[in-house]
Peer 1: 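Just dropping this structure here.
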Amino acid sequence: MSTPGKIIYLLRKIHLRPVHIVIPVILAMLAAVFEGTGMGLLIPILNGFLTKSFSFIAHTPVLGKLMPLLPPSVLKDDRLLFGVLLGGFLTLYILKSVTRFLSVASMAYFSERTIHHLRKALFTRYLSFGKLFFDTSNIGHHSAVLQEFSRSALTPLAGIDRFINALFALTAYFIVMLMISWKLTLIALPLFFLLHMFVKTLIVRLRNLSHATSNRGSQLNKKIIEILSTMSLVKAYRTERMEQNRYTEISDHKARLDFRGNILLNVIQPMQEIITVFVVTFIFAGSLYVFGREEIASASALIVYFYVVINATSKFGTVSGYRGSLANSAGPLDAVLAVFDDHNKFFVTGGSEKFPGLERDITCRNLTFSYSDRNVLKDVSFTIQKGKMTAIVGPSGAGKSTLINLFMRFYDCPADAILIDGNDIRSFTLDTYLAHVAIVSQETLLLHDSLRNNILYGLSGVSEERLQDVIARARLSDYIAKLPQGLHTLIGDRGVKLSGGEKQRVSIARALLKGAEILILDEATSSLDSQTEKLIQEAIDEAVAGRTSIVIAHRLSTIRHADKIVVLKDGELAEEGGLDELLAAKGVFFGLWEEQKF
């Protein structure tokens with residue numbers, strides 16, 4: 001697909017039709033018509049001025065038919081006729097300038113609105129992807145797509161009014177040139193052929209350079225986000241200089257690519273001016289040699305002709321430059337279009353049935369799940385009873401976190417692999433199912449916002465009384481009382497102002513406030529000291545009472561009261577049962593227990 005075709009396809013993706021640019025295009029066309037007509041009017045103005053007589057106008061093809069519309073007194077007075085023609089020229093020039101400005105203004109508005117809609121569509125698109133997409137890609141690249149590539153991809157759209165104006169102006173100039181002398185025009189045509197071949201050579205290089213520049217821009221954004229989000233690691237290992245050198249290397253390479261791209265784009269105009277000077281000289285000398293000293297056209301017409309040729313080459317440069325702009329946007333455009341491609345986006349769409357709530361159990365039946373490069377779960381089957389606590393344990397890499405991602409519908413599972421009361425989990429809508437599920441993760445996700453808004457994230461209609469009750473149950477009351485702004489205190493990027501235990505308590509408060517009947521605890525006490533763990537464990541015990549709870553635990557002492565323990569190893573079900581039963585069996589769980597016994 002060509003670059004213009006890709007842009008049109010992209011506009012349709014964001015529900016903007018090309019017809020929306022009709023107004024700026026029509027205005028650009030009118031500006032070109034006014035400009036061409038004004039150029040044509042210069043010839044009789046100069047002829048009359050040089051010969052001091054405008055009697056010839058009556059025999060001019062176009063003007064001759066318009067002259068009878070003027071009063072006889074004007075037609076008889078050369079000065080008045082000169083004033084009318086000059087006024088007409090000035091009027092056309094003003095109309096050209098006004099319509100050109102309106103075209104630019106309307107196109108600027110349309111292009112900015114289009115970029116705005118594209119950013120919204122891209123962000124909405126990203127929100128629709130499954131979590132697995134983000135687990136297997138780089139956030140820095142997505143940041144570049146949203147911020148930089150979204151604008152670069154539509155750069156040709158912002159300049160389409162100039163392209164249309166130049167194209168129609170070229171047409172008008174060509175007509176004027178033919179009217180003055182078709183013989184000279186035949187000599188002038190090689191000029192445009194030379195410019196075309198010159199620009200065509202640059203276009204190929206620009207298109208290849210565009211993809212390389214986009215790739216480097218993506219790498220630069222990846223490095224920025226990667227380092228800024230792992231600053232503690234950089235500081236701990238004193239790798240500031242190493243990271244500075246890496247960043248400098250990438251940035252320097254991108255700067256060189258940007259420079260080369262700008263050179264290729266900007267070399268078009270000076271080169272076309274040089275070619276124009278040589279070819280205009282060639283036209284002038286060649287016309288004398290080929291046609292001798294016969295009068296090819298009047299002196300005034302020749303002056304206008306050469307003026308039109310120079311302007312035509314400038315307009316041709318605009319048209320050629322637009323082709324360069326199309327080539328330069330190829331890389332960002334392909335990166336943006338890749339977001340709208342469904343391949344490897346790992347959508348989790350949900351079904352059409354409303355989830356009424358858990359009545360009996362959640363069953364994993366021959367559950368198998370794979371990433372692109374390896375199997376994670378292999379033929380896993382077990383049952384989670386309603387109102388019971390089921391613990392899932394196993395060595396690192398056993399598949400515990402993957403199970404949680406499947407229960408939370410972050411990943412899409414195979415059909416009939418996870419059943420709720422005998423119904424495929426995929427048959428329920430995501431909204432109704434997840435309204436019944438809450439999670440407390442070992443990686444507490446917090447926003448750069450107030451403590452209050454972080455606790456209430458995604459919830460509405462929560463009374464102050466209920467909020468304070470949950471804060472107390474999550475053992476946050478004493479901590480909040482010490483804050484100068486209380487619940488309205490900003491907690492920093494990713495909750496950097498909070499300790500690990502405080503982050504966990506915020507996450508627990510958020511889950512408790514949701515009041516879901518299915519509670520997933522993924523290492524909920526892993527970041528807590530012994531004293532805080534005891535307080536939080538009391539809150540958790542209270543929260544899981546009467547609820548269906550799924551607990552992921554490395555610290556096996558926290559699951560003593562679990563009704564069932566499911567043991568995974570290498571993605572397979574190793575064993576399941578109660579604590580005493582598994583210890584007596586002296587299998588995988590017994591080995592894990594003995595390792596932590598001290």
Peer 1: Only counting residues at least two apart or in another chain, list the ones meeting ring pair (Phe, Tyr, Trp, His ring centres under 6.0 Å) with Phe369.
Peer 2: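 Ring pair (Phe, Tyr, Trp, His ring centres under 6.0 Å) check on Phe369 returns Tyr371, Tyr411.
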Peer 1: Is the shortest side-chain heavy-atom distance between Asn405 and Met408 below 4.5 Å?
Peer 2: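 Not in contact.
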Peer 1: What I'd like to find out is whether the side chain of Thr383 reaches to under 4.5 Å of the side chain of Ile362, using heavy atoms alone.
Peer 2: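 A side-chain contact under 4.5 Å is absent here.
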Peer 1: Compute the centroid of each ring, for His142 and then for Phe133, and state whether the two points are separated by less than 6.0 Å.
Peer 2: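 His142 vs Phe133: aromatic centres under 6.0 Å.
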Peer 1: Decide side-chain contact (heavy atoms from CB on, under 4.5 Å) for Ile552 and Ile404; before the verdict, give the C-alpha distance in whole Å, the side-chain angles of both, and the deciding distance to 0.1 Å.
Peer 2: CA-CA 8 Å; Ile552 302 293; Ile404 295 302; 3.5 Å; yes
Peer 1: Counting the benzene-type ring for Trp, do Tyr126 and Phe123 have ring centres under 6.0 Å apart?
Peer 2: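 For Tyr126 and Phe123, the ring centres are not under 6.0 Å apart.
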Peer 1: Should the ring pair Phe134 and Phe129 be called parallel, tilted or perpendicular, given that the plane angle runs from 0 to 90° and is split at 30 and 60?
Peer 2: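 Phe134 and Phe129: tilted rings.
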Peer 1: Closer than 4.0 angstrom, basic N to acidic O: yes or no for Glu575 and Lys586?
Peer 2: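 Looking at Glu575 and Lys586, the cut-off is not met.
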Peer 1: For the residue pair Glu148 and Ser152, confirm or rule out a side-chain donor-acceptor distance under 3.5 Å.
Peer 2: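 Glu148 vs Ser152: no donor-acceptor pair found between side chains.
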Peer 1: May I ask you to say whether Arg246 pairs ionically with Glu249, meaning some side-chain N is under 4.0 Å from a carboxylate O?
Peer 2: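 The answer is no: the pair does not qualify as a salt bridge.
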Peer 1: About how many Å separate CG of Leu456 and CG of Leu451, when rounded to the nearest 0.5 Å?
Peer 2: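 The CG atom of Leu456 is 9.5 Å from CG of Leu451, to the nearest 0.5 Å.
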Peer 1: Between Lys378 and Asp570, does any side-chain N to carboxylate O distance fall below 4.0 Å?
Peer 2: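 The answer is no: the pair does not qualify as a salt bridge.
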Peer 1: Working note: Leu122 + Ser150, criterion side-chain contact (heavy atoms from CB on, under 4.5 Å); need CA distance, chi angles, decisive distance, verdict.
Peer 2: CA-CA 8 Å; Leu122 285 170; Ser150 58; 3.9 Å; yes
Peer 1: Okay, side chain of Arg466, backbone of Leu513: is any donor-acceptor separation there less than 3.5 Å?
Peer 2: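 Yes; judged by distance alone, with no hydrogens or angles, the pair exists.
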Peer 1: Check this for me, if you would: do Glu576 and Lys564 make a salt bridge, where the nitrogen-to-carboxylate-oxygen distance has to be below 4.0 angstrom?
Peer 2: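 Salt bridge flag = yes for Lys564 with Glu576.
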Peer 1: Distance check, rounded to the nearest 0.5 Å: Asp469 atom CG versus Glu464 atom CD?
Peer 2: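 If I round to the nearest 0.5 Å, the distance is 11.5 Å.
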Peer 1: Measure the spacing between CD of Glu572 and OG1 of Thr368 and express it to the nearest 0.5 Å.
Peer 2: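 Reported value, rounded in 0.5 Å steps: 9.5 Å.
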Peer 1: Search all heavy atoms of Ile508 against all heavy atoms of Ala474 and return the closest pair with its distance.
Peer 2: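 Looking at all heavy atoms of both residues, the shortest contact is CG2-CB, 4.4 Å.
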Peer 1: Where is the tightest heavy-atom contact between Ala574 and Val588, given as atom of each residue plus distance?
Peer 2: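 Nearest pair, atom of Ala574 first, then Val588: CB-CG2, 3.9 Å.
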Peer 1: Any side-chain to backbone donor/acceptor pair from Thr489 onto Leu483? Under 3.5 Å, distance only.
Peer 2: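 No; zero donor-acceptor contacts below 3.5 Å.
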Peer 1: Is the closest side-chain donor-acceptor distance between Ser251 and Thr248 under 3.5 Å?
Peer 2: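 No - no donor-acceptor pair under 3.5 Å links their side chains.
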Peer 1: If you compare all heavy atoms of Ser329 against all heavy atoms of Pro156, which two are closest, and at what distance to 0.1 Å?
Peer 2: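 Distance-wise, the nearest heavy atoms are OG-CG, 3.3 Å.
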Peer 1: Any donor and acceptor pair, going by atom type alone, linking the side chain of Arg426 with main-chain N or O of Cys413 inside 3.5 Å?
Peer 2: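 Checking the backbone N and O of Cys413 against the side chain of Arg426, a donor-acceptor pair under 3.5 Å is found.
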Peer 1: Checking Val336 against Leu10 for the side-chain contact (heavy atoms from CB on, under 4.5 Å) test, could you report, in this order, the C-alpha distance in whole Å, the side-chain angles of both residues, the deciding distance, and whether it holds?
Peer 2: CA-CA 9 Å; Val336 168; Leu10 186 59; 3.9 Å; yes
Peer 1: What distance do Ile471 atom CD1 and Leu476 atom CG have between them, rounded to the nearest 0.5 Å?
Peer 2: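 So the CD1 of Ile471 and the CG of Leu476 are separated by 6.5 Å.
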Peer 1: Keeping the roles fixed (side chain from Asp361, backbone from Thr363), state whether a donor-acceptor pair exists under 3.5 Å.
Peer 2: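 Answer holds: no.
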Peer 1: Run the salt-bridge test on Asp252 and Arg256 with the 4.0 Å N-O cut-off and return the result as yes or no.
Peer 2: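 Salt bridge present between Asp252 and Arg256.
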Peer 1: Taking all heavy atoms of Arg473 and all of Leu512, pick out the closest pair and write down the distance.
Peer 2: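 So the minimum-distance heavy-atom pair works out to NH2-CD2, 4.1 Å.
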Peer 1: Taking atom NE2 as the centre, does His561 end up with more than 12 heavy-atom neighbours from other residues, nucleotides or ligands that are less than 6.0 angstrom away?
Peer 2: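 For His561, atom NE2 is not crowded (no more than 12 foreign heavy atoms under 6.0 Å).
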Peer 1: Is there side-chain contact between Ile384 and Phe407, with at least one heavy-atom pair below 4.5 Å?
Peer 2: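 Yes - at least one pair of side-chain heavy atoms lies under 4.5 Å apart.
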Peer 1: Can you tell me if Lys345 has over 12 outside heavy atoms packed within less than 6.0 Å of its NZ?
Peer 2: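 Counting other residues, nucleotides and ligands, NZ of Lys345 exceeds 12 neighbours.
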Peer 1: Going by the side chain to side chain contact (heavy atoms under 4.5 Å, CB included) test, name the single residue among Leu446, Leu490, Leu487 that passes it with Asn454.
Peer 2: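 Only one of Leu446, Leu490, Leu487 forms a side chain to side chain contact (heavy atoms under 4.5 Å, CB included) with Asn454, namely Leu446.
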Peer 1: State, to 0.1 Å, how close Leu568 and Ala398 come at their nearest heavy-atom pair, and which atoms those are.
Peer 2: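 Minimum heavy-atom separation between Leu568 and Ala398: O-CB, 3.5 Å.
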Peer 1: Side chains of Arg452 and Leu467, heavy atoms from C-beta outward: is any pair under 4.5 Å?
Peer 2: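 Yes, at least one pair of side-chain atoms sits under 4.5 Å.
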Peer 1: Hey, mind stepping through Leu403 and Phe382 against side-chain contact (heavy atoms from CB on, under 4.5 Å) and telling me if it holds?
Peer 2: CA-CA 12 Å; Leu403 262 180; Phe382 63 91; 4.0 Å; yes
Peer 1: Taking atom CG of Leu419 and atom SG of Cys364, what is their separation to the nearest 0.5 Å?
Peer 2: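 One finds 8.5 Å between CG of Leu419 and SG of Cys364.
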Peer 1: What I want to find out is whether Arg125 reaches Asp342 closely enough, with some N-O distance under 4.0 Å, to be called a salt bridge.
Peer 2: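 Salt bridge flag = yes for Asp342 with Arg125.
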Peer 1: Which heavy atom of Ser427 sits nearest to which heavy atom of Asp424, and what is that distance?
Peer 2: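 Minimum heavy-atom contact is OG-O, 2.6 Å.
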Peer 1: Do Thr548 and Glu517 come within less than 4.5 Å of each other through their side chains, counting heavy atoms only?
Peer 2: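 The answer is no, as the side chains (C-beta and beyond) never meet within the 4.5 Å cut-off.
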Peer 1: Within a reach of under 6.0 Å around OH of Tyr457, are more than 12 heavy atoms found that belong to other residues, nucleotides or ligands?
Peer 2: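 For Tyr457, atom OH is not crowded (no more than 12 foreign heavy atoms under 6.0 Å).
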Peer 1: Can we say Asp412 and Arg409 salt-bridge, meaning some charged N sits less than 4.0 Å from an Asp/Glu carboxylate O?
Peer 2: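 Yes, this pair counts.
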Peer 1: So for atom CG, which belongs to Asp341, do other residues, nucleotides or ligands contribute more than 12 heavy atoms lying within a distance under 6.0 Å?
Peer 2: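 Result for CG/Asp341: enclosed.
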Peer 1: Decide yes or no for His116 and Glu112: does some side-chain heavy atom of the first lie under 4.5 Å from some side-chain heavy atom of the second?
Peer 2: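 Heavy-atom side-chain distance check fails, nothing below 4.5 Å.
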Peer 1: Just how far is it from atom CZ of Phe428 to atom CG of Asp421, taken to the nearest 0.5 Å?
Peer 2: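 Taking CZ in Phe428 and CG in Asp421, the distance rounds to 7.0 Å.
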Peer 1: If only atom types and distance count, is the side chain of Lys400 paired as donor or acceptor with the main-chain N or O of Gly394 below 3.5 Å?
Peer 2: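 It does hold such a pair.
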Peer 1: Can you find a pair of side-chain heavy atoms, one from Ile420 and one from Phe355, that are under 4.5 Å apart?
Peer 2: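 The answer is yes; the side chains approach within 4.5 Å.
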Peer 1: Any non-hydrogen side-chain atom of Leu11 less than 4.5 Å from a side-chain atom of Leu157?
Peer 2: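 They are in side-chain contact.
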